[in-house]
Amino acid sequence: MSENRIPYIIEFPKIGSENLGFISVAEKELLPFEVKRVYWTYHTPENVERGRHAHYELEQILIATTGTIVVTIETPKGIRTEFTLDRPNIGLYIPRMCWRDIRYSANASQVCLANMEYDEADYIRDYDQFKALTA
Ligand code: TYD
């Protein structure tokens, strides 16, 4: 069941060289879900904390294509882990029902691969509600 899944880092292939530059690829064999939506965030001020929500069904992979993104995840079992995304060839898999707080360096661009279309009803934006739902 996906509620037993834990967040983890996915390492994508890094093709190229220092001379030519690099390409990374997210092929389906490396992904824990079928991608239904891709969005990206950028120009996030450093003093802003984004995220601050969980999702009933949404699963995501976050990639910092530039800059550094620090993601703190709290799983349904209450385990908090901080992940630093500071290489464009790694992604963070976030299972459903995980609370996330996210901070961005000023130059950070984030790409998100998601398993479903945008649905505001899928968000849990109240931390106390998240704790009650996962107790
Ligand atoms: P949100 O997911 O809360 O952003 P973050 O987790 O990065 O802080 O989304 C911020 C706003 O953007 C919110 O009003 C919903 C809207 N939004 C969409 O309309 N479509 C989308 O695909 C996403 C991800 C957000």
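Along the sequence shown, residues carry numbers from 1. Just the heavy atoms: all of them, side chains too, but no hydrogens, waters or symmetry mates, feed the values below.
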**Request:** Let me see the working for Y104 and Q110 under side chain to side chain donor-acceptor pair (under 3.5 Å), right down to the final yes or no.
**Result:** CA-CA 9 Å; Y104 299 83; Q110 168 188 261; 3.0 Å; yes

**Message:** Does Y39 form a side chain to side chain donor-acceptor pair (under 3.5 Å) with Q60? I'd like the steps, not just the answer.
**Reply:** CA-CA 11 Å; Y39 66 88; Q60 294 165 293; 2.9 Å; yes

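More than 12 heavy atoms of other residues, nucleotides or ligands shown are found within 6.0 angstrom of OH on Y8. Counting non-hydrogen atoms of neighbouring residues, nucleotides and ligands closer than 6.0 angstrom, the CD1 atom of I23 reaches no more than 12 such neighbours.
Considering OH of Y123 and NE2 of H55, their distance stands at 4.5 Å, rounded to 0.5 Å. Atom NE2 of H53 and atom CD1 of I102 lie 6.5 Å apart (nearest 0.5 Å). With rounding to the nearest 0.5 angstrom, the SG atom of C98 is 9.0 Å from the CG atom of L92. A distance of 6.0 Å separates CE in M97 from OG1 in T134, rounded to the nearest 0.5 Å.
Heavy-atom minimum distance, L31 versus V35: CD1-CG2, 3.7 Å. Listed here is the closest heavy atom pair of R5 and P95: O-CG, 3.6 Å. In plain terms, the two heavy atoms of A114 and F33 that are nearest each other are C-CE1, 3.5 Å. Shortest non-hydrogen contact noted between I90 and T84 is CD1-O, 4.2 Å.
Using a 4.5 Å heavy-atom threshold, the side chains of I10 and F12 count as touching.
One N or O on the side chain of R96 and one on the backbone of Y56 form a donor-acceptor pair closer than 3.5 Å. With hydrogens and angles disregarded, a donor-acceptor distance shorter than 3.5 Å links the side chain of R37 to the backbone of M116. Side-chain atoms of N89 do not come within 3.5 Å of backbone N or O of F22 as any donor-acceptor pair.
When hydrophobic clusters are built by joining Ile, Leu, Val, Met, Phe, Trp and Tyr residues whose side-chain heavy atoms come closer than 4.5 Å, directly or via intermediates, W40 is not grouped with Y118.
The salt bridge (charged side-chain N to carboxylate O under 4.0 Å, His left out) analysis of residues 7-27, with sequence neighbours excluded, yields the pairs E11-R87.
A salt bridge between E120 and R125 is present, with a side-chain N of the basic residue lying under 4.0 Å from a carboxylate O of the acidic one.
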Pairs under 3.5 angstrom only: tabulate donor-acceptor contacts from the side chains of residues 61-75 to other protein residues two or more places apart or in another chain.
{"unit_1": "T65", "atom_1": "OG1", "unit_2": "S109", "atom_2": "O", "d": "3.2"}
{"unit_1": "T66", "atom_1": "OG1", "unit_2": "N107", "atom_2": "O", "d": "2.8"}
{"unit_1": "T66", "atom_1": "OG1", "unit_2": "S109", "atom_2": "N", "d": "3.1"}
{"unit_1": "T66", "atom_1": "OG1", "unit_2": "S109", "atom_2": "OG", "d": "3.3"}
{"unit_1": "E74", "atom_1": "OE1", "unit_2": "R80", "atom_2": "NH1", "d": "2.7"}
{"unit_1": "E74", "atom_1": "OE1", "unit_2": "Y127", "atom_2": "OH", "d": "2.7"}
{"unit_1": "E74", "atom_1": "OE2", "unit_2": "Y127", "atom_2": "OH", "d": "3.2"}
{"unit_1": "E74", "atom_1": "OE2", "unit_2": "K131", "atom_2": "NZ", "d": "2.5"}
{"unit_1": "T75", "atom_1": "OG1", "unit_2": "K77", "atom_2": "N", "d": "3.3"}
{"unit_1": "T75", "atom_1": "OG1", "unit_2": "I79", "atom_2": "N", "d": "3.2"}

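Side-chain contact of Y93 with E59: a donor-acceptor pair under 3.5 Å is present, judged by distance alone.
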